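Since this is a predicted model, take the numbers as computed values, not measurements.
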Amino acid sequence: MTTQISAQFSFECAQPTDVLLQFEAAVASEQRVLANHTRIAGSETIRRFPAEEGLGERIWARVDGLVDVSYEAEVELTRAALKIEEQGALELTALPSFAVKYLLDSRYCQTGPLIEFAERRFGCIEAGGAQALAIRDWVASHLSYARGSSDPDTSALDTFKSRRGVCRDYAHLVVTLARACSIPARYAACYAPNVTPQDFHAVAQVYLADPVDPAGGAWHLLDATGMTSAEDAVLIGAGRDAGDVSFRPVELRGSRVAVSADGGPALAA
C-alpha cells in the first residue's frame with residue numbers, strides 16, 4: 001500500500017530557542033519512504049540525528065519568532081496483518097536489553113497505582129497477545145474520545161480516573177496497563193488515512209514473541225481508538241511515552257495534516 005502525507009504546522013518563539021522536532025515518516029522495516037520533502041522556514045540551523053531505538057530522525061532547529069514547517073512524503077507499506085492473539089509472551093529473562101526499559105515507569109506511564117487493577121482484570125488471560133488485545137479492548141470500551149479533555153501534563157492515571165481523552169491518552173493507558181502485566185510496551189506516533197479528525201496520531205506497541213523466530217521478538221501495534229491498524233500506520237517514531245516523541249514542541253499556532261492511501265481521498269484537518 002502506498003500512502004501520501006502532507007503536513008503543515010507553525011509555532012512562534014519569543015526569543016532564540018533550540019527546538020527538538022520529530023514529524024517525518026521513519027525509514028523502517030516494512031515501511032519504505034519513496035519520496036519526501038521537508039521545509040522549515042524561520043530556522044537558523046538544523047541538525048539531524050537518530051531518534052529512540054533508531055526509529056526515525058529528530059531535528060534540532062534554532063528558531064526566533066514565527067516558524068512554518070511543511071512536509072510532504074510518499075511511503076510504501078508492506079506490513080502484514082498478524083493475529084496478535086496468537087503471539088506468545090517472551091520470558092522476562094529472555095528479553096533483549098532494549099526492551100527491558102519498556103517494562104518500567106516513565107513520565108506519563110506509571111504502573112504502580114494500576115498493577116492491582118491490571119492483575120485483577122487481565123491476570124486470568126493467557127500472557128502475551130491475547131492479554132494485550134484484552135487491554136486494548138478494555139480501554140476502547142471504557143474511554144470516551146473527547147477533544148480538549150486532556151493537556152500535556154495528563155498522565156495515564158489521570159486518564160484511567162477520568163475515562164476521557166484523545167489518542168495520546170488512549171495510547172498511554174494501553175502502554176501502562178500492558179507494562180503492569182509485564183508486557184514491554186511503548187508509545188508510537190504515526191500518520192494514518194482513517195484518523196478523524198486528521199492529525200498526528202498516537203498508538204501503542206507491545207513486544208511479543210516473534211512468530212518466525214521463537215527465540216526473538218517483534219513490536220505489534222495496538223490502537224484503542226480503532227482509527228488505524230498495523231497495515232496502514234506510517235510510523236514517525238516511538239519511545240517510552242509522548243515525551244520521547246517530539247512532534248509538538250510548543251503550543252501550535254496552526255496545523256494541517258492530510259493523509260491518503262493508494263490514490264484514495266485525503267482526509268484533512
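When ring centroids are compared, Y108 and Y187 stay outside the 6.0 Å threshold.
Residue-environment remark: CZ (R79) exceeds the threshold of 12 foreign heavy atoms within 6.0 Å. Environment of CZ in R39: sparse, with no more than 12 heavy atoms of neighbouring residues, nucleotides or ligands closer than 6.0 Å. Heavy atoms of other residues, nucleotides or ligands lying less than 6.0 angstrom from CD of E30 number more than 12.
Of the inter-residue distances, the one linking L222 atom CG with S229 atom OG reads 11.5 Å to the nearest 0.5 angstrom.
For R164, there are no side-chain hydrogen bond (donor to acceptor under 3.5 Å, both in side chains) partners, not counting sequence neighbours. By the side-chain hydrogen bond (donor to acceptor under 3.5 Å, both in side chains) test, Q8 pairs with S6, E72, sequence neighbours left out. Taking Y71 as the reference, F23 meet the ring-ring contact (aromatic ring centres under 6.0 Å, His included) condition, with sequence neighbours excluded.
In this structure, V259 and V195 have side chains that are not in contact, with every pair of non-hydrogen atoms separated by 4.5 Å or more. Between V166 and S150 the shortest side-chain heavy-atom distance falls below 4.5 Å.
D241 places a side-chain N or O within 3.5 Å of a backbone atom of R107 that can act as its donor or acceptor partner.
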Under 3.5 Å, sequence neighbours excluded: what are the donor-acceptor pairs made by side chains of residues 120-137?
| residue | atom | partner | partner atom | Å |
| --- | --- | --- | --- | --- |
| Q131 | NE2 | F122 | O | 3.0 |

Could you tabulate the donor-acceptor pairs under 3.5 Å formed by side-chain atoms of residues 174-181, not counting sequence neighbours?
| residue | atom | partner | partner atom | Å |
| --- | --- | --- | --- | --- |
| T176 | OG1 | H172 | O | 2.8 |
| R179 | NE | Y102 | O | 3.0 |
| R179 | NE | A185 | O | 3.1 |
| R179 | NH1 | L104 | O | 3.0 |
| R179 | NH1 | S106 | OG | 3.1 |
| R179 | NH2 | A185 | O | 3.0 |
| R179 | NH2 | R240 | O | 2.7 |

For this session: Just do the side-chain hydrogen bond (donor to acceptor under 3.5 Å, both in side chains) check on S155 and Q110 with the steps written out, would you?
Result: CA-CA 8 Å; S155 70; Q110 296 181 322; 6.0 Å; no
Exercise. Stepwise, does the side chain to side chain contact (heavy atoms under 4.5 Å, CB included) test hold for E74 with Q4?
Worked result: CA-CA 5 Å; E74 184 175 3; Q4 292 75 38; 3.8 Å; yes
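Judged as a side-chain hydrogen bond (donor to acceptor under 3.5 Å, both in side chains), the pairs with a partner in residues 82-101 (not counting sequence neighbours) are, in order, E52-K101, E53-K101.
Y170 does not carry R168 over the face of its six-membered ring by the limits of under 6.0 Å from the centre and within 45° of the normal.
Hydrophobic clustering keeps L221 apart from V206 (ILVMFWY residues linked when any side-chain heavy atoms are closer than 4.5 Å, directly or through intermediates).
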